[in-house]
Structures are given as structure tokens and as C-alpha cells.
A.B. asks: 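The following block contains the structure, expressed as C-alpha cells.
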Amino acid sequence: MSAKDYQEAVYDFQSIEEKWQDRWLKDATYRVSTDKSKEKYYVLEMFPYPSGRIHMGHVRNYSIGDVVARYKRFRGYNVLHPMGWDSFGLPAENAAIKNNSHPARWTYDNIDYMRNQLRQLGLSYDWEREIATCNPKYYRWEQQIFLEMYQKGLVYQQTTTVNWCESCQTVLANEQVIDGTCWRCDETVKARNMNGWFFKITAYTEELLADLDKLSGWPEKVVTMQRNWIGKSTGLHCDFQVDGFEQKLSIFTTRPDTIFGVTFMSIAAEHPLLDTLLQDNPRAQEIRSFVQRLGDEKQQQSHEDLTEKEGIFTGCYCINPFNGDKVPIFVANFVLMGYGTGAVMAVPAHDQRDFEFAKKYQLPIKPVVLPKDTQLNSEEMTEASVLPGALTDSGKFSGIDSGAAQQAIIDFAAEQGFGSAHTTYRLRDWGISRQRYWGAPIPMVYCEKCGVQPVPVNQLPVTLPEDKESQQSECAPLHQRPSFYETSCPACGGEARRETDTMDTFVESSWYFARYASPRFTESPLNKEEASHWLPVDQYIGGVEHAILHLLYSRFFTKVLRDLGYLDIDEPFTNLLTQGMVIKDGSKMSKSKGNVVDPSDLIKEYGADTTRLFSLFAAPPEKDLEWNSKGVEGCFRFLNRIYRFVLANQESIIAAEQSIPVELNKTERGLHRKTHQTIKRVSNNIEQNFHFNTAISAVMELVNSLTASTGDSSKESVDNSVTCEAVRSILLLLCPMVPHFCAELWAILHNGASIDEEQWPKWDEEAAKEDELTIVIQINGKVRSRLQVAADIDETSLQALALADENAQKFIAGKTIRKTIVIQKKLVNIVV
RNA sequence: GCCCGGAUGGCGGAACUGGUAGACGCAAGGGACUUAAAAUCCCUCGCUCGUGAGAGUGUGCGAGUUCGAUUCUCGCUCCGGGCACCA
């Protein structure tokens, strides 16, 4: 074929991609095992839920991860890059009910389909490490971890008010309630009293908080979100004696400095003291019905609308231990039983919420902190004053600065015995019981004689029943299946009943990254040697929507597994990249919006390489990506340009010398320089912040230079070695992004050799250096002229050249030069 | 309300440590090739004025620091995200 024949050729991506995918699979090219001779690198993308088909969000996530994996391999690392399936969950049950099938069938069918889709993308996974969390070979180890946590006192059972989702027919963890609605189906979550199992994540609160400081490789935003979620506050815990009763009322405050400003007390409607207060209370009836109404309203309202502050006087008083003030006790709708003590000391002068309440019920407002140079008059205040200042009207603490007063007041309370320093957290223990079929069974047994008994480890796994006895469907909850729950007590051998709740599916994803180190290990959940070799994950990649839920739970599990002796790390993910969403027509791609682009259609039309390339090129990974089908075509055109060039010039490239001649003409020097500049830019873009969009731009520029300097016969001829160097660099630099394409062209140029055997190209700083620079001449900061100068010009000659410049002269003429600023290699600014 | 981000051409996005704003791609317009179209190749492309050379103006808005600000400081506006009667 002559060069002309390639002018309009379009590369046959389909056969090229199939060919290389088959080869990678057959040769297990990306299989990895421990190799002490190389440095390890563990890159992981959040594993998918097998919902049916992959979507563009997956393509983006896994393309990013694959570039990292392939890049690190080129850099000589021994790279662990596994994939698996987060395969327990409600959608499988819903689909099973709809199709009158079994959740396992639906799930495994989806896995098969999606695995095939992922393979079509050419992702460099070690498929031999694939795991599916719904497989008993996975969840039996989870059950064992559960039992070991139980032995350690990290699992307990409790009846509490839980979040109940009616449409999912199950309990939700606090983290799974978003604005009062279910994270999965948006149904309003209701309060319900239920017995359930809890993981004691609060035993690790301080460590989870403190170790956030170690996560320098995480986006600041995610660290902040976790910090807020844990919600630590420090302050004073203090007892107020209830007047005429034996009981004391405990409060927690972060503003002990305002304690002399307390003018009333607010307690939650559910506060246990209320019953006592209502005994022999003439207004008991009235107060009870008020409390009842608050409860009803709470049920109906979603958490987001803030109701008007409301309360009712209990008729009782308590005594402020600091000044002996007798203050009325109110039941108020804004006090939460679940935070602090369920009772709040009210300081209307310095708390906006208390202020509004005091105004409504005409309660006294008593300022006790005076911000500098201000007077506070309770009559005139329109809002609470929250600024720091000097204490006033505060007994022996008057005059002290509010900041210092906090500690002094806490110390005093401790000394007197009615209070102490105290810390509270927003974080609650993790409720993991789910009343669903398609999850890992909780391995516990109830015996009438022996009570709650753990299933012995040698009886694991407790598997899900697959019988057809259930009348309703094949995925009826376990409590409807006698063959599952009827069992014998492990302790006494008598009749017993199995726990019928399954675990929250977030439990599976809290440790899967560790299991990948030894996915087929049959002796315990983790092979410690393998786990300590591969962990922590060096680079974790996924959507920011998991900032709290999954990432917090995984951090917790890592610490638990460490304390159980399986791991020797404190944190699971050294670096975290949270990728943006894929957007089309202004909103996130979703079935309900009808703006979904199916990756399979794209692969069919343009191939996997173009699909990957576009998802990397259109935006930096952490930002949202606006879908643009024309942009995809642009990427396809780019690959075709390279393809045509390589094929048209293959003979001369193959014949080229590997070494670059010492003497180069101007065109050759320009291309040689551009090649090395590009290697440098692409390497830095990937290394510094994974900005693949600019890396790809840089290669596009090199391709433009290449075709411009060799295609134009009017220019100087270019030595084959220089062309060859440019082409080889382009293929290596693009290989992490478009692997099939580069593998194919590399093989064509290198007698069938595999590009995977190559190393990442190195740049020569000397070759990358410009020998001529454009210097900008500014007059009063405005660009007036440009100057081509040798790169090594000295400051004096540069200044002289600038002053002599014709354009500059026009603006200087007739004016006095007041100052000249020369910035090496950049500009000369003449101030007149 | 509090805490994080962000705002640059018609669009997605570039711009090192304060030093040529708009790289790269898309779209658009013009041209070459073609009977024609597609594909490919070449040229133009922030806005205003000007035939042109060029001049003015321009990175959400308003100030400030500086010889010089997309970049730093202060004050706003809008957009996105997180948390929220949290005591």
C-alpha cells in the first residue's frame, strides 16, 4: 500500500480489540503474585453492584483506575488491580419477585453479563482474584469476623428506636438516612422500636477522628465530611437539682461560659424524667397531650422542615448550681433525646434557638457575655449574641474572657462535684440487622435455656436457604422459613431458633479490599502475610457519594481487623480519588431522566479505546463530566490520525536507527524537543494529580507537530530516527489510556513484540529545553511587542533589545522611563 | 444557619511559584479534493471599532496590594456539594 492509500483509512477497532482482549485473557497478562523484587502498588476501584449493565459512571471509574494500573506497571511496579462484585442487596430480591426467579440467579446472570462488558473495555484486571460477596465462600469469612467481633465485645444486641423504611421493609443505619428518607428508595423513614445487632463503631470514635489527620492523600472535602459526621464536641456536663424532687437533671453544654445566663431549661418530649415530674402534677393531662402531639408531628414531618419552636411549662423548676437561680423546666420540640443528655440549659441571650423560644414564651433574657465595646440590653436585643467577650453578672467569674472562662467554670464544677468536662459525639453505633433475605445471615442462635449463642466457627457458613417451601416467593425473609431457623442450640443441643436477620450489605464492602490480597484463602478471612504485603490500598478510586458510608465503615473495619490480628495497618486507603459524575443535558445520567448513554453502544460504534479516551479527555477526573457525543468523534478522529500516520510510515519507522544523530536540522530539533517535552508533561500530569485530560492534550500536540513536520514536503526532511522516537513515545504515553490501539501499532512496528514488556519513556531535560524564547515587552504592564531571543541571553542585552524594539519605541517616545523590570525568560516591563 | 468547592470564548476545558489569557478538543465559517456527498487536508475563529496595520476591551461583581492579578487580600452575587433545631 502506498502512503496515499492510508489517507482516509479508518482503523478496525473491533478486530484489534478482540484480538488483544483474547490474548490478555489467554496469557493472563495482568495476573499478579507477590514479588519481593519489585515495589508493590495496589490500585482499586470501588467494586460495582451487579445491577444488570454497566453505565458511563462505571466506564469512567474503571478507565481512570486502569490508566493508573497500566502506568504503574510501565513504571516497574508489581501492580495489584482486582475486580469483584458487591452482590448482596435489595434490587436482586425485587427483580426475583418480579420475574418469579431466585435472587442468586438474577445476580449471577448480571455478573456474567457485566464481566463480559468490563472485558470489552480492556481493563487490566487480575481476573483470577475476582470475588462475589454473595458467595458463601466470601460471606462465611464475614460471619467469622462477626463472631470474633462478638467475642471481643464489639457486637451487641439492643432494642432501640431504629430507622424503618416501609417500602424496603427493613431497618436502616443512621448513615443510610438522607434528609429523613431512605438512601435507596427515597421513602420517608419512620421511627420504630426493634431489637437488632450493632457494631460498636463508637469504640473507635477517637481513633477514627484522630487518624483523619493521617489521610493527606484524601480530598480535604471527604476528610471534613467524615469529621463533621463524627461530630465531636467538648464542654461541660452538669447536674441541676430539680426543685422539690430527689432527681437531678443532667445537661451538656459547649458554652459553659454562659451558664450564669440560664433562664430556663428545655427537655426532650421523650425525656425519662418527665414521668416523675408529672406525678401529682395538676397539669399532667395537658402536658401529656402536648407531648403526644409532638410525637405525632415528628412521625409525619420529614426531617428537613424546621418546625416552629414550641414548648410547654412543666410546672417544675430546677436550681442552677452556680448561682442558685430557680429556673422553669419546659418540654420543647427542638430538643433531641438522641444527642447529649436530652436536656438543654437555655441561655436565650447567647443562643439563637433559646432566644426565639424565650421571645415566644416571654421568658427572661439575661446577657452574661459582653463582646468588646458593646452593651447588651435584653429589651433591645433582636437576636442572640454569640460573639466572645468578657463575662458579666457571673459571680466570681465576672470580668474573665469568655474563652478562658470555659475551662475555669468546668474546673469549678468539678471541684464542687456537680459537673465535669465532657465530650459528646454525633456518631452512633452501626445497626447492621436487616430483615431481608438476600444478605449474609447473622450467625447467632437463640436458645430458651442458654439464651443467645454464637454459631461455632466450625459450623460456618450459615448459608441462605434455597428451598422452595416459602409460600410467598423464593426470597421470603428468613423468619418465614422454618427449615432455616429451626436448629439446635450449640451449647445444650436443645431446640433453638436461628437469628433470621441478615447483615447490612455495607458490611461486605467494608473489608473486600483486604480479601483481594488472598481471595481463595481457606483457613481464615485473611492470609496475614499476603494482606500485609499488599495493603494498604495505594490508590482507591470511586464516587464521592461514598464519602461517609462506605469509607467510614471500611476505616472502622480496618481497625477492627487490625485488633483481631489480621492486619497491621491503621488505615485502608492511602490515597483516595473521588471522581465526578457523568452528566448529560445538565443532569446526572439516569434511567428516570432518560438521558442514559449505553457504553455498549459506544463500544460497538467507536470501540473501547475511543470510549475510554473520551471519558478521560473531557474533564479532569474529580470534576463532573459533561457528555458530548461530538467529542467522542473527535477522540476517534485523533486515534485514526495516528493510525494512518503509523501505517503510512511503517517501513521507514521500522528501518530507523534507534539513536538520534548528533547534528539535527531545525525541524528535527523541533520534533525531538517536542517529544521530550511531551514525555515530561504527560509523566507530570499523571504523577501529580491524574490530570489525564491535559496529558492527552499534550500528546495531541505532539501528534500535530509530528504530522506537520513530516507531512510538508516544502520543509526540511526529518531523519527517520526522530520520527521513530516520536511515534514510539506517542504509543507508550497513550498506552495506559488506549491499550489495544497502542499494543497493535507497537506490535506492527516491533515485529509482534508486546508493548506490556516496555518501560515508561524517560525525558532528556537537555533535549526538552527551548533554544529560542519569546520574550514579551510590556509598557506599563500592557503587552506591546514580542521578541525572539536566544535562550541563554543575559539580562543587560535583553533590556537593551527591548528598549530598542520598534513597537516599544512608539510607546516610549517622548516619555521618561521610570523603571524597567526584567524577568528572565519571560518579559521586560518598561514603566513610563 | 454552619462547613467545603466552583464561576475563564458558542461549548468541554488549559494557564508552572503573580509574568504572552483562551493550550487541546468540540461546534461554527471559508477553501482544496469530489459529478455530488461523506471522509480527509488547509485557513479563520473572545468581544468592539477598523479595509488593513492596529487600537480598545476582556477570566461572575466591587474594591485593594503590585511595575504587572484568572492567580494574592477584603467585601458581595450566583451555582454545586455536605451537615443541620447537635445544646
Side-chain angles (χ1 to χ4, degrees), chain A residues 6-10 178-179 219-229 231-233 235-236 251-255 258 266 268 303-309 332-336 338-347 351-354 356-357 424-426 544-545 547-548 580-581 583 613-614 617-620 622-635 637-638 640-641 644 681 684 688 691 693-701 703-704 707 711-712 774-783 785-786 807 810 818-821 823-832:
Chain A
Y6 294 111
Q7 270 175 15
E8 295 176 17
V10 172
I178 314 292
D179 288 338
E220 189 57 39
K221 178 176 148 184
V222 176
V223 172
T224 308
M225 280 166 71
Q226 292 217 352
R227 188 170 284 124
N228 291 342
W229 187 263
K232 177 177 183 171
S233 11
L236 170 71
I251 59 98
F252 170 73
T253 178
T254 55
R255 289 294 306 274
T258 63
S266 312
H303 291 219
E304 54 194 306
D305 10 283
L306 302 181
T307 25
E308 164 100 19
K309 289 174 187 39
N333 66 345
F334 59 82
V335 183
L336 307 171
Y339 184 83
T341 61
V344 184
M345 68 174 209
V347 186
D351 181 285
Q352 185 57 25
R353 203 187 33 203
D354 297 341
E356 286 168 31
F357 194 87
T424 50
Y425 302 91
R426 214 186 80 100
V544 73
E545 65 272 20
I548 295 171
M581 291 184 297
I583 304 285
L613 188 65
F614 178 74
F617 176 62
E622 70 279 4
K623 282 185 76 167
D624 286 349
L625 184 154
E626 174 74 35
W627 188 258
N628 176 353
S629 54
K630 291 286 186 187
V632 182
E633 278 179 46
C635 287
R637 276 204 287 268
F638 168 63
N640 274 308
R641 285 180 67 201
R644 286 194 297 268
R681 275 175 67 186
N684 289 342
Q688 282 161 15
H691 276 193
N693 57 330
T694 49
I696 294 166
S697 300
V699 181
M700 284 173 169
E701 283 185 51
V703 172
N704 290 345
T707 52
D712 190 348
T774 306
I775 299 291
V776 167
I777 304 179
Q778 296 183 333
I779 313 293
N780 293 340
K782 283 194 174 153
V783 179
S785 186
R786 292 183 172 84
N807 284 327
K810 277 198 293 191
R818 294 194 305 175
K819 201 174 179 183
T820 309
I821 293 126
I823 306 293
Q824 285 284 321
K825 297 181 179 181
K826 298 267 189 218
L827 57 74
V828 179
N829 188 11
I830 302 162
V831 186
V832 292

A.B. asks: Within the structure, does a side-chain N or O atom of Ser697(A) lie under 4.0 Å from either OP1 or OP2 of rG13(B)?
C.D. replies: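 Result: no.
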A.B. asks: Both distances below 3.5 Å, Watson-Crick or wobble geometry, any strand: find the nucleotide opposite rG12(B).
C.D. replies: rC24(B)
A.B. asks: Check every strand shown and say whether Asp624(A) touches a base, only sugar-phosphate, or nothing at a heavy-atom separation below 4.0 Å.
C.D. replies: sugar-phosphate
A.B. asks: Is the side chain of Asp351(A) donor-acceptor paired with the backbone N or O of Ala346(A) at a distance under 3.5 Å, no angle test?
C.D. replies: no
A.B. asks: Considering every strand and a 4.0 Å limit on heavy-atom distances, what is the contact class for Gly231(A): base, sugar-phosphate, or nothing?
C.D. replies: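 It contacts nothing in the nucleic acid.
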A.B. asks: Report the nucleotide, chosen from rG25(B), rG13(B), rU20(B), that has the shortest atom-to-atom distance to any side-chain atom of Arg641(A).
C.D. replies: rG25(B)
A.B. asks: With a cut-off of less than 4.0 Å, is there a side-chain N or O of Lys630(A) near OP1 or OP2 of rG12(B)?
C.D. replies: no
A.B. asks: Closest approach to the side chain of Phe334(A), judged atom by atom: which nucleotide of rA87(B), rG19(B), rC85(B) is it?
C.D. replies: rC85(B)
A.B. asks: Please work out if Ser233(A) contacts a base, only the sugar-phosphate, or nothing of the nucleic acid, heavy-atom cut-off 4.0 Å.
C.D. replies: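 Sugar-phosphate: the residue Ser233(A), judged by heavy atoms under 4.0 Å, touches backbone atoms but no base.
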A.B. asks: Any side-chain N or O of Arg353(A) less than 4.0 Å from the OP1 or OP2 oxygen of rA84(B)?
C.D. replies: no
A.B. asks: What is the pairing partner of rA36(B), taking Watson-Crick or G-U wobble pairs with both distances under 3.5 Å in any strand?
C.D. replies: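 Check on rA36(B): unpaired, no WC or wobble geometry under 3.5 Å.
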A.B. asks: Among rG13(B), rC24(B), rC67(B), find the nucleotide with the atom closest to the side chain of Met700(A).
C.D. replies: rC24(B)
A.B. asks: Watson-Crick or G-U wobble partner for rC83(B), using a 3.5 Å limit on both distances?
C.D. replies: rG1(B)
A.B. asks: With both distances under 3.5 angstrom, what nucleotide forms a Watson-Crick or G-U wobble pair with rC49(B)?
C.D. replies: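 By the stated definition (distances under 3.5 Å), rG54(B) pairs with rC49(B).
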A.B. asks: I want to check one thing: is the phosphate of rC41(B), taken as OP1 and OP2, less than 4.0 Å away from some side-chain N or O of Arg637(A)?
C.D. replies: no
A.B. asks: In terms of side-chain heavy atoms of Leu336(A), which of rG12(B), rC86(B), rC67(B) is nearest?
C.D. replies: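 In terms of side-chain proximity for Leu336(A), the closest of rG12(B), rC86(B), rC67(B) is rC86(B).
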A.B. asks: Checking contacts here: which listed nucleotide (rU20(B), rC24(B), rA87(B)) is nearest the side-chain heavy atoms of Val335(A)?
C.D. replies: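 Per side-chain heavy atoms of Val335(A), the pick is rA87(B).
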A.B. asks: Mind checking Gln778(A) for me? I need base, sugar-phosphate or nothing, with any heavy atom below 4.0 Å counting as a touch.
C.D. replies: base
A.B. asks: If rC78(B) has a Watson-Crick or G-U wobble mate with both distances under 3.5 Å, name it; if not, just say none.
C.D. replies: rG6(B)
A.B. asks: How long is the line joining NZ of Lys309(A) and P of rC86(B), in whole Å?
C.D. replies: 8 Å
A.B. asks: Looking only at atom P, what distance separates rC47(B) and rG29(B), rounded to whole Å?
C.D. replies: 15 Å
A.B. asks: Do you know which two heavy atoms are closest between Phe617(A) and Asn693(A), and how far apart they sit?
C.D. replies: O-CB, 3.3 Å
A.B. asks: Is there a side-chain contact between Asn628(A) and the phosphate of rA27(B), meaning an N or O under 4.0 Å from OP1 or OP2?
C.D. replies: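 So the side chain of Asn628(A) is outside the cut-off, no N or O lying under 4.0 Å from OP1 or OP2 of rA27(B).
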A.B. asks: How long is the line joining CD1 of Ile548(A) and C1' of rC4(B), in whole Å?
C.D. replies: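 Computing the Ile548(A):CD1 to rC4(B):C1' distance gives 12 Å.
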A.B. asks: For Phe252(A) versus Ser233(A), what's the shortest heavy-atom pair and its separation?
C.D. replies: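 Heavy atoms of Phe252(A) and Ser233(A) come nearest at CZ-O, 3.7 Å.
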A.B. asks: Distance between the P atoms of rG62(B) and rU70(B), in whole angstroms?
C.D. replies: 13 Å
A.B. asks: If you check the Thr254(A) side chain, which of rA87(B), rG19(B), rC83(B) turns out closest?
C.D. replies: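 My answer, after comparing the listed nucleotides, is rA87(B).
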A.B. asks: Starting at CG of Asn333(A) and ending at P of rA87(B), how long is that distance when rounded to a whole Å?
C.D. replies: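 Answer to the nearest Å: 17 Å.
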A.B. asks: Send over the distance from Asn780(A) CG to rA55(B) P, rounded to a whole Å.
C.D. replies: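 Spelled out: CG on Asn780(A) to P on rA55(B) is 14 Å.
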A.B. asks: Rounding to a whole Å, what distance do you find between Lys825(A):NZ and rG18(B):P?
C.D. replies: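 Value for this atom pair: 18 Å.
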A.B. asks: Does a side-chain N or O of Asn684(A) approach OP1 or OP2 of rC16(B) to a distance below 4.0 Å, or not?
C.D. replies: no
A.B. asks: If you only use heavy atoms from C-beta on, which nucleotide in rC24(B), rU57(B), rA87(B) is closest to the side chain of Phe617(A)?
C.D. replies: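 Of the candidates, rC24(B) comes closest.
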A.B. asks: Measure from the side-chain heavy atoms of Lys782(A) and tell me the nearest of rU57(B), rG25(B), rG19(B).
C.D. replies: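 Nearest nucleotide to the side chain: rU57(B).
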A.B. asks: Across the strands shown, which category fits Asp354(A) at heavy-atom distances under 4.0 angstrom: base, sugar-phosphate, nothing?
C.D. replies: nothing
A.B. asks: For residues Asn640(A) and Val10(A), report the shortest heavy-atom separation together with the two atoms involved.
C.D. replies: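 That closest heavy-atom pairing would be OD1-CA, 3.4 Å.
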A.B. asks: Any strand counts, and the cut-off is 3.5 Å on both contacts for Watson-Crick or G-U wobble. Which nucleotide pairs with rC41(B)?
C.D. replies: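 Per the H-bond distance test, rG31(B).
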A.B. asks: Measuring to OP1 and OP2 of rC67(B), would you say a side-chain N or O of Lys819(A) lies under 4.0 angstrom away?
C.D. replies: yes
A.B. asks: Looking at the side chain of Asn693(A), which of rA87(B), rC24(B), rG13(B) is the nearest nucleotide?
C.D. replies: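 That would be rG13(B).
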A.B. asks: To the nearest Å, give me how far apart CZ (Phe357(A)) and C1' (rC85(B)) are.
C.D. replies: 12 Å
A.B. asks: Nearest to the side chain of Thr253(A), which nucleotide is it out of rC85(B), rU20(B), rA87(B)?
C.D. replies: rA87(B)
A.B. asks: Can you tell me the base-pairing partner of rG19(B)? Count Watson-Crick or G-U wobble geometry only, both distances below 3.5 Å, and say none if there is no partner.
C.D. replies: rC67(B)
A.B. asks: Does rG9(B) sit syn or anti, given that only angles within 90° of 0 count as syn?
C.D. replies: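 Syn, since the glycosidic angle lies within 90° of 0.
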